[in-house]
Number of protein chains: 2
Amino acid sequence: MATRTDKTLTEQLAINIADAVLSGEFVSGQRLDEQMLAQRFNVSRTPVREALRHVASSGLVEIRPRRGAAVASIDKNDLEMLFVAMGELEAACARLAALSMTPIERRRLNALHEKMADYVTGDLPEAFAESNLDFHAQIYAGAHNRALAEMTAGLRRRLAPYRRAQFRTPGRLPHSHAEHGAVVAAILAGHAAEAHAAMLHHMTLVESAFEEFSSASAA
Amino acid sequence: MATRTDKTLTEQLAINIADAVLSGEFVSGQRLDEQMLAQRFNVSRTPVREALRHVASSGLVEIRPRRGAAVASIDKNDLEMLFVAMGELEAACARLAALSMTPIERRRLNALHEKMADYVTGDLPEAFAESNLDFHAQIYAGAHNRALAEMTAGLRRRLAPYRRAQFRTPGRLPHSHAEHGAVVAAILAGHAAEAHAAMLHHMTLVESAFEEFSSASAA
DNA sequence: TATAGTCAGATTGTATACAAAAATCGTAGA
DNA sequence: TCTACGATTTTTGTATACAATCTGACTATA
C-alpha cells in the first residue's frame with residue numbers, strides 16, 4: 001500500500017482510526033459508531049465509512065452488513081494463528097532474500113546485525129527493538145517482492161501491540177541476536193533453505209516468548 | 001473474507017466489478033469512471049466508490065487520490081513477482097498442512113490425488129484443472145490457518161486469468177500430477193520441510209510453464 | 001414469570017447535492 | 001508548427017438527506 005502524500009480525509013482518517021486501534025484507545029470488540037467517529041474527527045459520515053472499510057481490509061476492524069463496524073476482537077486462537085502466519089511469511093521473505101539480495105543489501109544487513117550486538121552487550125532493549133524493526137524491514141525489502149513484503153509488513157504492524165514487551169523478557173536479547181545471526185549467515189551465504197529454517201526458528205521462539213507473557217493481557 | 005449473504009449493493013457491486021476485471025471485460029489499465037459504473041449497474045456513486053475501494057484492497061484495481069480508479073495494469077515484472085509470492089504462500093500452506101492436517105483430511109487429499117490420476121491417463125485437462133482447484137484448496141484448509149489461507153486463495157484468484165491455458169501445454173498434465181504426488185507424500189508423512197520444498201518446486205514449474213506461454217498475451 | 005409480538009429509537013445503506021481538484025481543449029504567442 | 005497559458009468541462013471528494021434495517025424496551029398473553 002503505497003502511502004503517498006494523500007491529503008484526502010479518507011486516508012487521514014484510516015490512519016487515525018488504525019492508530020487508535022493499535023494504540024489501544026479503541027479496545028477489542030468496541031463498536032465504532034460512524035456518527036461518533038464523524039463527530040470526533042469533524043468530518044461527515046462518508047469519509048468515515050470509506051476509512052472504516054479500508055481499515056477493515058487489514059483486519060483491524062470487522063464490518064458486518066447493516067450492523068456496523070467494531071474493533072476486531074482477537075481471541076487467543078486468532079492471535080496464535082496470526083503469529084504462525086507471520087512466521088511463515090517472514091521465513092519466505094528470508095528465503096527470497098537469500099536468493100535475491102544485492103551485495104550492498106547483504107553488507108548493510110550484516111552491518112546492522114553487528115551494530116545490534118552492541119545493544120545486547122549494553123543491555124539496551126529499546127535500541128535493540130528499534131533496530132529490530134529495521135532488521136526485518138531490510139529482509140522484506142531484500143526479498144525483492146513487493147506483494148510479499150507488504151503482506152508481511154502489514155501483519156507485523158497488526159501484531160505489534162502484542163509484542164510490545166517482547167525484549168523485556170530476561171535473557172531474550174542475546175537469544176534474539178543469536179537467532180538473527182543464523183539468519184544473517186544463511187542469507188549472506190545465499191542458502192535459501194537455511195535462511196527459511198533459521199527465520200522460522202526465530203519467529204517460533206518469538207511466538208513462544210509472547211505466550212509466556214500473555215497470561216497477563218486478556219483479549 | 002466470509003462472503004455471507006450480503007444483500008448490500010456495495011458487496012454485489014464489488015463482486016460484479018471484480019468479475020468484470022477477471023473475465024477480461026475491463027482490460028488492464030482501463031479507467032473505471034464512477035458515473036459510468038453507477039449508470040451501468042443502476043445505482044448511485046456511493047456504493048460504487050465503496051465497492052471500488054474494496055476491490056482495490058485485493059489489488060485488482062488501483063485508486064490514485066483524486067485521479068480515479070483504473071484496472072491495475074500488471075506488467076511482466078509484477079506478474080512474475082505475484083507468481084513468486086504465490087509459490088511461497090502455497091509452500092507455506094503445504095508446510096503447515098503437513099504439520100496440522102487431521103487423518104481425515106490427509107485421506108481426502110490422497111483420495112483426490114488418486115482420482116486425478118484418472119484424468120491424466122484419460123487426458124482430460126478440464127477435469128484435471130477443476131480438481132486442481134480442489135487440491136490446492138484442501139491444502140489451504142489443511143494448514144488450519146485462516147489468515148494464510150485467505151491470502152493464498154486471494155492471490156490464486158487474482159492470478160487465475162493468467163493461468164487459463166496452464167494444462168493445455170502438451171505433457172504438462174502428467175508432470176503436474178507427479179509433482180502433486182511428491183507434495184501429497186510429504187504431507188501424508190508429516191514431513192514439513194519436504195512438503196514445503198515439493199510445493200515450491202511444483203509452483204516454480206507452473207510459473208515457468210506460464211512463462212513459455214506468455215509470449216502471446218500482452219499486458 | 002416467561003415469552004412472543006409490536007413499536008419507537010438509533011444506526012446503517014443509498015441517493016443526491018455541492019465543492020474542489022484535475023483533465024481537456026482552445027487560443028494566443030513565439 | 002509548436003508551446004504555453006487559461007478557461008471550460010469533467011471527475012472525484014465531501015456533506016447532507018432520505019430510506020431501510022436493526023436494536024431494545026414495553027406490553028399483552030399464556
Side-chain angles (χ1 to χ4, degrees), chain A residues 1-21 25-73, chain B residues 1-21 25-73:
Chain A
M1 222 151 320
T3 312
R4 18 191 111 245
T5 42
D6 310 328
K7 297 187 300 286
T8 74
L9 287 181
T10 296
E11 275 299 330
Q12 289 292 349
L13 272 176
I15 294 170
N16 287 338
I17 292 173
D19 281 351
V21 172
E25 184 177 356
F26 294 156
V27 299
S28 183
Q30 177 177 339
R31 295 217 46 238
L32 296 176
D33 193 298
E34 294 175 1
Q35 285 193 76
M36 179 266 282
L37 292 172
Q39 234 172 302
R40 176 195 176 102
F41 294 109
N42 274 319
V43 295
S44 78
R45 273 179 57 218
T46 306
V48 169
R49 282 175 64 83
E50 293 186 354
L52 279 175
R53 272 154 180 75
H54 184 71
V55 177
S57 74
S58 75
L60 246 61
V61 314
E62 289 173 346
I63 296 181
R64 294 178 310 175
R66 301 191 183 278
R67 313 187 99 198
V71 178
S73 56
Chain B
M1 222 154 318
T3 311
R4 15 190 115 247
T5 43
D6 309 329
K7 295 185 303 285
T8 74
L9 288 180
T10 295
E11 275 299 329
Q12 289 292 350
L13 272 176
I15 294 171
N16 287 338
I17 291 173
D19 281 351
V21 173
E25 185 177 356
F26 294 158
V27 299
S28 182
Q30 178 177 340
R31 294 215 49 234
L32 297 176
D33 193 296
E34 294 175 1
Q35 285 193 76
M36 180 266 284
L37 291 172
Q39 233 172 302
R40 175 195 178 100
F41 293 108
N42 274 319
V43 295
S44 77
R45 275 178 56 219
T46 307
V48 170
R49 283 175 64 83
E50 293 186 354
L52 279 174
R53 272 155 179 75
H54 185 70
V55 178
S57 74
S58 75
L60 246 59
V61 314
E62 289 174 346
I63 296 180
R64 294 178 310 175
R66 300 191 184 278
R67 314 188 98 199
V71 178
S73 57

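Residue numbers start from 1 in every chain, and the chains themselves are labelled A, B, ... in the order their sequence lines are given, proteins ahead of strands.
- Distances from the side chain of B:D33 to the nucleotides C:dA21, C:dA17, D:dT11 place D:dT11 closest.
- Spacing between atom CD1 of B:I63 and atom P of D:dG13 amounts to 8 Å, rounded to whole angstrom units.
- Distance B:E34 CD to C:dA17 C1': 15 Å, rounded to the nearest Å.
- Checked options B:I15, B:V61, B:V21, B:N16; the residue passing with B:V55 is B:V61 (criterion: side-chain contact (heavy atoms from CB on, under 4.5 Å)).
- Partner B:L13 forms a side-chain contact (heavy atoms from CB on, under 4.5 Å) with one of B:V43, B:T8, B:L37 and no other, that one being B:V43.
- To the nearest angstrom, P of C:dA10 lies 16 Å from CE of A:M36.
- Rounding to whole angstrom units, CD of residue A:Q35 and P of D:dA17 are separated by 12 Å.
- The listed nucleotides are D:dT14, D:dA15, C:dG13; the one nearest the side chain of A:T8 is D:dT14.
- Side chain of A:T10, nearest nucleotide from C:dG13, D:dT12, D:dT14: D:dT14.
- Listed nucleotides D:dG13, C:dA15, D:dC22 differ in distance to B:V43; the shortest reach to its side chain belongs to C:dA15.
- The side chain of A:R31 has C:dT12 as its nearest neighbour among D:dA15, C:dT12, D:dT11.
- Of the two residues near DNA chain C, B:P47 and A:A69, the one whose nearest nucleotide lies more 5' is A:A69.
- Taking side-chain N and O atoms only, B:R45 has no distance below 4.0 Å to OP1 or OP2 of D:dA15.
- With C:dT12, C:dT16, D:dT16 as the choices, the nucleotide that has an atom nearest any side-chain atom of B:S44 turns out to be C:dT16.
- Phosphate contact (OP1/OP2 of C:dG13, side-chain N/O of A:R49, threshold under 4.0 Å): present.
- Between the base of D:dT16 and the side chain of A:T46 there is a donor-acceptor pair shorter than 3.5 Å.
- The main-chain N or O of A:V27 is found under 3.5 Å from a side-chain atom of A:Q30 such that the two form a donor-acceptor pair.
- When each of C:dA23, C:dT11, C:dG13 is scored by its nearest atom to the side-chain atoms of B:R67, the top-ranked nucleotide is C:dA23.
- Residue B:R64 contributes atom CZ, which lies 11 Å from atom P of C:dA22 at whole-angstrom precision.
- In this structure, the separation between CZ on B:R53 and OG1 on B:T10 is 11.5 Å, given to the nearest 0.5 Å.
- What separates CZ of A:R66 from P of C:dT12 is a distance of 12 Å, to the nearest Å.
- Rounded to a whole Å, the CD atom of A:E11 is 15 Å from the C1' atom of D:dT14.
- The structure places CD of A:E34 at 10.5 Å from OG of A:S44, a figure rounded to the nearest 0.5 Å.
- If you take CZ of A:F41 and P of D:dG13, they are 20 Å apart, rounded to a whole angstrom.
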